[in-house]
Amino acid sequence: MSDSSLRPLLLQGGRVIDPSRAIDAMGDVLIQDGKIAAVGRGLSAPDGTTVRNVSGKVVAPGLVDLHVHLREPGNEDEETVASGARAAAAGGFTAICAMPNTDPVTDNQAAVGFVVRQSGRAGLTRVHPIGAISIGQKGERLAEFGEMVSAGAVAVSDDGKPVVSSHLMRTALEYARTFGIPVADHCEEPTLAAGGVMHEGLVSTRLGLKGIPSAAEEIMVARDVLLAELTGGHVHLCHMSARGSVAIIREAKERGIQVTAEVTPHHLTLTDHACEEYDTHAKMNPPLRESADVAALRGALKDGVIDCIASDHAPHAYDEKEAAFDDAPFGIVGLETAFAVAHTELVCGGVFTLPELIRRMSTEPARVFHLPGGGGTLAPGAVADIVVLDPTAKWTVDPGGFHSKSHNTPFTGRPLTGRAILTIVAGTIVHEL
Amino acid sequence: MNSPILGKDLTGLEHMTPEQIRLILDTAEPFKEVSERPIKKVPALRGKTIVNLFFEASTRTRISFEFAEKRLSADTVNVAATGSSVSKGETLVDTAKNLEAMRIDMVVIRHGSSGAAEFLGNRIASNVINAGDGKHEHPTQALLDLLTIRDKHGKIEGLKVCLVGDVLHSRVARSNLWGLTKLGAEVAVCGPWTLLPRGIDELGVTVFGRVEEAIEWGADVLNVLRLQLERMEKGYIPSLREYYRVFGVTPERLERSPKPITIMHPGPMNRGVEIDSRVADGPHSIILEQVTNGVAVRMAVLYLLAGGRAELADAAKRGSE
């Protein structure tokens, strides 16, 4: 934590990108009392202001990640709220949302409050808890949404598991309306996915690994959309992976159903070919699919059918992934590579503009979960959650240098372009490269 | 030891060249004769230590490897999953490291997880031979199948070979598919659609839903796969009775062919399910020849991976004379 939070801070001479107000211009950003005081050209700073020259850099609203797994409580050797917040700050995130599949499950007011307190102690990137939909994530009885929301929960989810019972999903969507929170679902039809470890297709056939067909996701996406229509609730679809899901969401949005969706950087950039050689760092759920899926997901993110990018940061101890493919756990870490992977592949790759990417990693996710304190904007008066990005920085992924406690990434050794060099939460610098 | 021709491990046929496969088959030829001698032993692998690491039950493959090793004069140890530290929760990587610490030369591994042989091979310096990994590959089975087809037909190129049955769960089918296509055979697969894997048609094979179609196609060889009885419990097929009625390889079905069709089976057979006894025991069955050739093929693989040179296989064999 830096003392600079006590003094005004002027970020001078950068490219200011604020998708919330369609701004992309050279200028300064003045931060005072933890808030954005002014944005414009040639701003004059009050006495005692710390001035930082950010010419050649991009000043943007801090990145927001709606989907991370911090392993506290339960598996603190893999990640804690503090280490996850530290990794998030290094990745340019100013707010992250922690999934409730901890041990014990974050399914009550006290458990939600614990995450809020741990986040406050860390004093880094904001960690917003997501409460469980069902007690113990068992898929049987609703957890106390009202109590959890009053303790700080921003959404509910049984992520890690699908909500199998359509009745439970219906009641969750209806009940959540009272509190104005989204119900985030991990879309996986369990009988189709049972025993599967990767995408069902040519590669799984060659490797002799049991596949998870795209239909396992698409069936649940279709169901959730129908239930959102039935109930008027807000369903948020986690980590979309299949092109068929995109088509269903597109149609649902056209019909005005309250559905939002996220996609991970790895589903936007990798295919099931990454599983060849039985690389357990390419094992995740939902699985990496085919190039046609990647293309559809990119298109959907571009035109807003998919609202935002989320990392699905899923830390695992190194020796858990050091196993036969069938035996390794699902998931990879992503907080420290999310922006750079997306920037390298989508922006440097010519698919997205930088403002479009920032919109999908900051403004939109903040809007989707209605995050308290705002975020996703540089509007004067808003809380000063800001990231300064160096879009030309070239670096190579070395998990040994991660702030996360876990190193399970498929991007090891990959050269990337673009990096957060300064992360500011409520006017305080929480990461500086 | 790295074989100059095969590399360190034999984990599957998918990434092998046709030349490498032919070399193994050719090297097996001189080793066939060893098993016909009164004293079935040559000194080619004297002083080598081989561990047969079987995480899954196996009778035929394990015994075949053991005979091959012993007939090459290697010292062998059998480790079965039950009764070893494996059953006490030791991980595959720890098992590997412990074996390595005992300074062994080769590991023959069978494991229920696809990729287990490759996993082991990437972590230890010893040669690793895949004796079946999950649903992935069973390369020595396919090699012995190739050798047996070649013995029977005098060639592989241009033959029409159909793999019949549970292709979805079969490592034998995958290895056969690679080996046969690399050596120029025309390959088809045939079975209920519930037991044919997604994307198989993209691997250069013809797909049939019925045995009759494979016969009409003009198959020279039917390699009939074992139907695991648990497939019925998992709902892939309704009953063994119906499987036999619809997909069983019977004399009545084979009669539709104008030419005799060679019959193979990797064993163990479910008589009266995937194969009719009259076919299994019939004049065109080469099922027992497959078993005999298994020992010679495995001797060839062991010999080559240990650094033996193909052209010296004859000499290595004669060393005992």
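So you know, we letter chains A, B, ... as the sequences are listed, proteins then strands, and number each from 1. Both backbone and side-chain heavy atoms feed into the values below; hydrogens, waters and symmetry mates do not.
Residues of residues 175-193 of chain B having a heavy atom under 4.5 Å from any heavy atom of chain A, listed by number: Trp178(B). Residues of residues 271-280 of chain A lying under 4.5 angstrom from chain B, judged on non-hydrogen atoms, are Glu277(A), Tyr278(A) by number. Of residues 185-202 of chain A, those residues lying under 4.5 Å from chain B by any heavy-atom pair are Glu200(A), Gly201(A), Leu202(A).
Annotation: side chain of Arg174(B) is not in contact with side chain of Arg206(A) (no heavy-atom distance under 4.5 Å).
Looking at Asp319(A), neither its backbone nor its side chain comes within 4.5 Å of chain B, counting heavy atoms on both sides.
In this structure, Arg210(B) places its CZ atom where only 12 or fewer heavy-atom neighbours from other residues, nucleotides or ligands lie under 6.0 Å away. Few gaps surround CZ on Arg226(B); more than 12 heavy atoms of other groups in view lie less than 6.0 Å from it.
In this structure His407(A) satisfies the side-chain hydrogen bond (donor to acceptor under 3.5 Å, both in side chains) test with no other residue, sequence neighbours excluded.
Atoms CG and OG, from Leu209(A) and Ser114(B) in turn, are 4.5 Å apart once rounded to the nearest 0.5 Å. For the atom pair CG of Asp327(A) and NE2 of His111(B), the computed distance is 6.0 Å after rounding to the nearest 0.5 Å.
Considering only heavy-atom pairs separated by less than 4.5 Å from chain B, the leading option among Gly208(A), Pro213(A), Ala323(A) is Gly208(A).
No donor-acceptor distance shorter than 3.5 angstrom exists from the side chain of Ser113(B) to the backbone of Asp326(A), with no hydrogens or angles considered.
Closest of all the heavy-atom pairs between Tyr236(B) and Lys210(A) is OH-CE, 4.2 Å.
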